[in-house]
Each structure stands twice: as structure tokens, then as C-alpha cells.
Amino acid sequence: MPRPRATVLHVVDHGDLIKLLRRAGLSLNPVFHYRGRAMAATMNKTPATTFLLIPAAASLVLLLAAAASVEASAFDYAGAFDKCLLFFEAQRSGKLPADRLVRWRGDSALTDGFSQGVDLVGGYYDSGDHVKFGLPMAYAVTMLSWGVVEFEKEMVDGNKLHRVLDAIRWGTNYFVKAHTQHNALWVQVGDGDSDHLCWERAEDMSTPRTAFKIDINNPGSEVAGETAAALAAAAKAFKPYDRMYSDLLLLHSKQLFTFADTFRGKYDDSLQSAKKFYPSASGYQDELLWAAAWLYEATGDEQYLRYVSQNAEAFGGTGWAVTEFSWDNKYAGLQVLLSKVLFEQGGSAAGYADTLKQYQAKAEFFLCACLQKNNGHNVKMTPGGLMYVSDWSNMQYVSSSAFLLTVYADYLAESRGTLRCPDGEVKPAEILRFARSQVDYVLGKNPKGMSYMVGYGSYYPTHVHHRGASIPSIYAMNATVGCMEGFDKYYNSKNADPNVLHGALVGGPDANDAYDDDRCNYQHAEPTLAGNAPMSGVFARLAASPADNTPEYTPAPNAPSPSNGGSPLEFVHTVTNTWKANGVDYYRHVVTAKNTCGHAITYLKLQIKELSGEIYGVSRTNAKDMYEFPSWMTRLDAGAQLTIVYIQGGPAAKIAVVEYKTA
């Protein structure tokens with residue numbers, strides 16, 4: 001056989017070549033012959049150089065050429081799903097099963113709650129630390145369960161359902177133990193301040209394991225409501241496979257919902273130790289609606305549908321138009337879940353159809369905002385195409401949004417419908433394509449060519465902000481690592497993590513797609529339960545139909561839309577702060593009113609009803625509840641916004657346009 005000829009490939013430097021290899025899915029340790037000497041691909045950067053490649057096969061060059069076009073090959077969603085579940089194993093607290101797959105973890109926190117007379121062993125560590133925070137843990141279990149509810153068949157076909165149910169059960173078993181009385185729930189173990197003073201393995205833990213609970217004297221409607229939602233969603237997931245367990249979860253869910261609703265109060269007012277880490281900015285009303293919606297989904301009992309209908313306006317369910325879905329703010333998820341009732345029941349939901357349509361309108365506001373078709377009220381995007389909500393752990397918002405987009409695309413497809421956004425109609429396949437683009441960005445189709453899921457692909461973060469990953473396993477180094485020793489030897493180390501935290505979705509890049517693989521950068525390098533959980537269902541769905549033949553998704557230009565004879569302004573209402581004074585919850589409301597009529601507005605009269613506090617951004621008139629432009633404004637140009645701020649307790653004020661004139 002004739003010896004293959006050496007092929008000459010010109011690249012800028014070895015770093016570019018490594019990126020090409022990664023994008024082509026090739027090994028990162030090929031040997032190159034440079035001027036007659038064998039050199040590894042890990043050598044330092046050099047000036048522009050001609051590399052002589054001695055190919056193992058002619059296809060290598062073709063792969064490199066394809067990689068150079070920055071077209072990522074199809075991603076292994078099933079493999080990503082598998083790794084996502086490994087992360088939940090790595091986060092387990094308590095006595096670990098013998099058949100676990102994450103072998104570098106050991107038993108930990110085996111006396112949680114004992115000093116206070118309760119068994120709180122088990123559950124999940126929240127992120128890179130060792131506190132068990134009840135609110136985000138319950139949200140994560142809700143989202144894992146919702147994934148099963150929507151994509152059970154896909155999980156069965158992929159042979160993953162049993163592992164997802166195991167992950168859910170690890171959380172629900174803990175919640176059942178933590179619900180020791182009808183009106184009491186243990187909602188946290190460990191203290192964030194003391195925990196964060198130490199960098200140590202869970203198996204060596206030396207920090208206080210104080211447990212905290214809510215009860216009738218110290219209410220916490222957010223965490224009680226979210227736990228009720230988690231148990232109801234899990235009950236539906238388990239129902240076909242373990243009816244007795246499903247019934248047990250429903251019993252606890254119903255009791256917790258009654259507790260949350262009867263003894264209302266913000267959980268972080270009762271639990272100051274959680275306020276610094278997981279403060280409730282959206283209040284507890286979204287969790288009450290969310291829990292009731294999940295109880296209706298799990299039971300079909302009309303009383304819960306009546307609850308979300310009767311409280312829709314007062315609790316903000318049909319009033320809040322949001323651009324995030326998270327462990328704190330459940331409105332978008334609630335609105336999508338209740339839209340499902342309309343899709344499934346149609347006319348049979350006649351008694352509630354009008355209210356459900358209002359929920360659906362707000363759900364579609366959120367979805368259109370993600371899709372960049374919401375008349376300017378869109379979720380921000382990085383230059384590389386990633387949704388960007390927050391500089392702190394942004395990937396949790398990406399994963400939750402991708403989940404809602406995925407399930408809603410399927411709802412529409414089954415009903416043969418489309419999403420009608422202000423900037424154009426979107427077909428279900430296009431919605432799914434956009435969700436896929438976010439997942440593909442996570443897995444490596446991004447400007448850095450990096451997977452932000454640890455252990456997926458060949459180029460991913462290796463300095464994760466996670467105690468257990470950064471310190472050698474107890475099975476590799478059976479010696480206690482002290483509190484400060486952990487900081488000195490491992491937290492500040494430039495070495496890669498000795499334990500690969502497979503499946504961990506880190507906080508992600510910044511607003512310009514930049515990412516610094518630095519363990520100290522906890523805002524971007526720390527994974528969370530809340531960030532990982534929604535991806536389970538999305539991976540299951542995408543793995544079932546990996547082919548993507550839908551047309552390219554093209555966002556509409558951000559141009560003002562002409563009015564169709566309705567209001568010339570589009571109002572977006574948000575709450576930016578909340579606090580308690582003299583036993584009353586107060587909220588800072590910000591309303592943006594965008595001119596969508598296509599012409600400059602030269603005169604404006606607004607009616608603002610049910611206002612109890614001070615208001616800024618408009619001028620009060622002599623007529624009751626009537627307001628005009630502020631004194632410094634004489635016109636509102638097409639596409640421009642007027643910002644109104646007010647502070648009050650109770651429900652939001654009602655704002656409507658009474659009269660206006662255009663130029």
C-alpha cells in the first residue's frame with residue numbers, strides 16, 4: 001500500500017486547531033509532526049505555523065474542514081440526559097445506595113435534624129455548598145416531575161424513566177419526612193453563612209447542621225406552596241408505577257397547600273437565614289397558584305381549578321407579564337401549565353375558559369419574549385445567541401425557558417395551532433427549533449466552542465465552584481480535609497477538579513459570551529439543582545427526535561407595531577422589590593408603557609384605580625383616579641416608553657388609557 005501523503009493545513013495557531021478538533025468531535029491528544037519532531041496537541045501557543053498532519057485516515061481533513069465552518073454536528077441529547085441525572089446523584093445527602101453510579105461520593109450528614117428531634121437525613125445539597133435549601137430543592141423536584149408528566153414516553157423509550165423517578169423519589173422521601181405535622185415543615189438544614197466559611201467535602205462536614213422550620217407562628221407560604229407543588233407533580237409522575245406512593249404524596253401535598261394558604265406569610269420573613277441566599281422577590285402568591293394548579297393537574301378536582309380562577313387577578317396570575325421563570329418567580333410556568341387545561345379540555349372548561357385564556361395570554365407574552373417577537377419587550381440575548389436574564393447563574397433561566405418553550409411547542413402541535421406574537425406568527429416547529437438552539441449553545445455551539453455541561457464533550461469547565469468536585473474523593477485520599485485547609489489547597493488551586501462533576505450545568509458565560517474557567521467565580525462557575533432540573537425533560541424530548549429539519553428561526557426586527565384600534569400603549573408590569581413594615585407586605589411596582597400606535601402621542605390621560613401609595617412618572621389631575629404626562633414630558637414618540645413607579649401593599653393598581661392624541 002502506498003504511504004499516504006502528508007497533508008498541509010494552515011492555521012493561525014495551535015489554539016485554533018484545538019478548537020477545530022473539538023468541534024469535529026476528535027480526541028484532544030493527537031500527535032502532530034512539526035518539522036520532524038513529535039509534539040502533543042497541548043503545547044504552548046506559537047506564532048502562525050504550518051503543521052504537517054500525517055493522517056490516520058483521509059476523512060480527518062474532511063472533518064476539520066467541516067469543523068472550520070463552525071457548524072456543530074448533531075448533539076448527543078441522550079448522552080447529555082444521562083449526565084444530567086448523574087449530577088443529581090452527586091448532590092445527594094445522606095446514606096447513599098450501593099448501586100450508585102457516582103462512586104467518588106460517600107455518605108454524609110447522617111445526623112441531620114437529630115439534635116432537634118427530627119429525622120432530616122437525605123435530600124439534596126443545593127449547589128456547590130452543603131446547605132439543604134427547601135425552596136429551590138422543591139422547585140427542582142417539581143421540574144423533574146413535570147418532565148416526566150410531559151415526556152414519559154420519551155423517557156421510557158430512552159430507558160431513563162426509572163432513573164428520573166429515583167431522582168424525584170430522593171427528594172420526595174425527604175419532603176415527606178420534613179412534613180412532621182399538618183402545619184409544620186422543616187425547610188432548611190445548615191446555615192449558609194457558616195457553611196460558606198469552610199471549603200470541605202460533604203463527607204468531612206464540620207459546620208453546624210442547624211435545622212429550620214415554618215409553622216403557624218412562622219409561616220412560609222412560598223416554600224410550603226412549592227413543596228406542595230413538587231409532591232403533587234411527583235404524585236402524577238408516580239401514579240402509573242406506584243399508586244400507594246402516589247397517594248401518600250398527594251396526601252402531604254394537600255395538607256401543605258392548606259397550610260400555605262391558611263397561614264399566609266413570606267417564608268424569608270420567618271427564615272432570615274435563607275433571605276441572603278434565596279430571597280422571595282415575587283412574594284408567595286405565585287406559589288399558591290402554582291400549587292393549586294399542580295393539584296388540579298394531579299387530581300382533576302375542580303376545587304383547585306376554581307381556586308386559580310377566583311384568585312387569578314388578586315394573586316397576579318393573569319396580571320403579571322414576566323420574562324423569567326425560576327425557583328422564585330413561578331408565574332410563567334403557572335401560565336403555561338394552565339394553558340394546557342385549555343388545550344386539553346377546550347369547551348369542557350367553559351366555566352373557567354375566560355380566565356384560562358387570560359393566563360394563556362400572559363404565557364404567550366413570555367414565550368414571544370423568549371423568541372424575540374414581543375414588540376421590543378424581549379428577553380435579552382448575547383451576541384452568540386443565548387438568552388440572558390441575569391449575570392448570576394444565567395443558565396438556570398435558559399434551562400427553565402427552554403423547558404416551557406418545548407412543552408408549549410408540543411401543546412400547539414397537538415392542537416394544530418400556532419403562536420401569534422406581536423411581531424409575527426410562530427409555528428410549533430420553529431418554537432422547538434429555538435429551544436433546541438439554546439440547548440445546543442449549552443452543549444457547545446457557542447463562540448467559545450465550550451460545553452457548559454461538565455463532562456459533556458471534550459471541552460468543558462474543569463474548575464467548577466463545587467467543594468466535592470474540587471477535593472480528592474475520600475476513596476482516593478482517606479484523610480480529613482479541614483475547613484481552612486480546603487481553601488488553601490483546593491479552592492485556590494489552579495489544578496483541574498480531581499472529580500468530574502458529570503452533568504453539572506454551570507452558571508454560564510457573561511452577557512458577551514465570555515467565560516473564565518475559575519473556581520472562585522461562583523456567579524458563573526457554580527451549578528445548582530434549579531438550573532439542572534428543567535433540562536432533564538428537554539433532553540428527553542430532543543433525544544426522541546434529534547433530527548432538525550425545520551426552517552431557520554428568524555426574529556422579527558424591533559420596529560414599532562401599528563395599533564389595531566385598541567390601546568396605543570402596551571403595559572408591562574413588574575415588581576422590583578418587596579419588604580414588610582408593621583406586619584404589611586409592601587411592593588415596589590414598575591410599569592413600562594410603550595407607545596405601539598405608530599405615531600407620537602402628544603396628549604395622554606390615564607385612569608389608575610386601586611392605588612393606595614405614592615406614584616411617580618405621571619401627574620395627578622383634579623379628577624379622581626386620572627393622570628396625565630408628567631410636567632417635563634410633552635410627547636411620547638413611537639416606540640418610546642413611559643415608566644411609572646408606585647409603592648403599595650396588596651394587589652397591583654389597574655391602569656387604562658382613557659384618552660390620547662397623536663401628532
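These numbers were taken from a predicted model, which means no experiment stands behind them.
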Between Pro428 and Ala409 the two heavy atoms that sit nearest each other are CB-O, 3.4 Å
Taking only distance into account, with no hydrogens and no angle test, what donor-acceptor pairs under 3.5 Å do side-chain atoms of residues 501-509 form with protein atoms, sequence neighbours excluded?
none

(message) Assess, by modelled atom type and distance only, whether the side chains of Thr382 and Asp513 contain a donor and an acceptor separated by less than 3.5 Å.
(response) yes
Interatomic distance, SG@Cys198 vs OH@Tyr491, rounded to 0.5 Å, equals 13.5 Å
So CZ of Phe87 and OG of Ser536: to nearest 0.5 Å the spacing works out to 13.0 Å
Applied to residues 369-394, the ring-ring contact (aromatic ring centres under 6.0 Å, His included) test, sequence neighbours excluded, yields Trp392-Tyr522
Contacts of Phe403 meeting ring pair (Phe, Tyr, Trp, His ring centres under 6.0 Å) (sequence neighbours excluded), chain-then-number -> Trp146
Under the side chain to side chain contact (heavy atoms under 4.5 Å, CB included) criterion, do Phe539 and Met453 qualify, and how do the steps go? CA-CA 12 Å; Phe539 285 141; Met453 174 166 277; 3.6 Å; yes
Here the pair of heavy atoms bringing Ile168 nearest to Ala234 is CG2-CB, 3.7 Å
Note: Asn492 and Cys520 closest approach over all heavy atoms is OD1-SG, 4.2 Å
The ring pair (Phe, Tyr, Trp, His ring centres under 6.0 Å) partners of Phe325 (sequence neighbours excluded) come to Tyr139, Trp290
Under the criterion side chain to side chain contact (heavy atoms under 4.5 Å, CB included), I'd like the reasoning laid out for Asp195 against Arg467: C-alpha separation, chi angles, the key distance, then a yes or no.
CA-CA 11 Å; Asp195 181 272; Arg467 290 157 172 75; 3.6 Å; yes
Sequence neighbours excluded, the answer for side chain to side chain donor-acceptor pair (under 3.5 Å) partners of Arg103 is none
Residues Asp518, His463; criterion side chain to side chain contact (heavy atoms under 4.5 Å, CB included); working and verdict: CA-CA 6 Å; Asp518 183 351; His463 299 75; 5.9 Å; no
Heavy-atom nearest pair, Thr406 first then Val538, reads OG1-CG1, 4.0 Å
Contacts of His130 meeting side chain to side chain donor-acceptor pair (under 3.5 Å) (sequence neighbours excluded), chain-then-number -> none
Here the gap from Lys380 atom NZ to Leu386 atom CG, rounded to the nearest 0.5 Å, amounts to 14.0 Å
Residues Ala525 and Val464: closest non-hydrogen pair is O-CG1, 3.3 Å
Self-check item: Under-4.0 Å salt bridge between Glu203 and Arg105
Solution: yes
### Validation row, ring centre Trp104 to ring centre Tyr475 under 6.0 Å
no
Inset, instruction - May I ask you to say whether Lys330 pairs ionically with Glu226, meaning some side-chain N is under 4.0 Å from a carboxylate O? - result: yes
- Query: Among side-chain atoms of Ser437 and Arg433, is any donor-acceptor pair under 3.5 angstrom?
  - Reply: no
Taken in chain and number order and not counting sequence neighbours, the residues that satisfy salt bridge (charged side-chain N to carboxylate O under 4.0 Å, His left out) with Asp328 are none
Check: Do the ring planes of Phe75 and Tyr77 sit parallel (below 30°), tilted (30 to 60°) or perpendicular (above 60°)?
Finding: tilted
Quick one: do the Trp199 and Ser470 side chains pair a donor with an acceptor below 3.5 Å?
yes
*With distance as the sole criterion, is a donor-acceptor pair present between the side chains of Tyr125 and Ser108 under 3.5 Å?*
yes
Residues passing the salt bridge (charged side-chain N to carboxylate O under 4.0 Å, His left out) test with Lys132, sequence neighbours excluded, are Asp112
TODO: Would you indicate whether Lys275, at its atom NZ, is surrounded by more than 12 heavy atoms from other residues, nucleotides or ligands within a distance under 6.0 Å?
DONE: yes
Taking every heavy atom of Asp204 against every heavy atom of Val481, the minimum-distance pair comes out as OD2-N, 3.1 Å
**Prompt:** Do Tyr331 and Glu324 have side-chain N/O donor and acceptor atoms under 3.5 Å apart?
**Reply:** no
Residues at least two apart in sequence or cross-chain that pass salt bridge (charged side-chain N to carboxylate O under 4.0 Å, His left out) with Asp157, listed by chain then number, are Lys153
With side chain to side chain contact (heavy atoms under 4.5 Å, CB included) as the criterion, how do Leu367 and Ile431 come out once you've worked through the C-alpha distance, each side chain's angles and the decisive distance to 0.1 Å? CA-CA 9 Å; Leu367 298 164; Ile431 300 173; 5.7 Å; no
Worked verdict on Tyr452 versus Tyr460 for ring pair (Phe, Tyr, Trp, His ring centres under 6.0 Å):
CA-CA 6 Å; Tyr452 291 105; Tyr460 51 80; over 10 Å; no
Rounding to 0.5 Å, atoms CE (Met387) and SG (Cys370) come to a distance of 5.0 Å
When rounded to the nearest 0.5 Å, the distance separating CE of Met535 from OG of Ser399 is 6.0 Å
Residue pairs meeting salt bridge (Lys or Arg N to Asp or Glu O under 4.0 Å), one or both in residues 74-84, sequence neighbours left out, come to Asp82-Arg163
Across all chains, not counting sequence neighbours, the salt bridge (charged side-chain N to carboxylate O under 4.0 Å, His left out) partners of Asp516 are none
- [ ] Determine, stepwise, if the pair His196 / Phe277 fulfils ring pair (Phe, Tyr, Trp, His ring centres under 6.0 Å).
- [x] CA-CA 11 Å; His196 289 183; Phe277 304 97; 5.2 Å; yes
d(Leu419 CG, Leu371 CG) to nearest 0.5 Å is 6.5 Å
Contacts of Phe366 meeting ring pair (Phe, Tyr, Trp, His ring centres under 6.0 Å) (sequence neighbours excluded), chain-then-number -> none
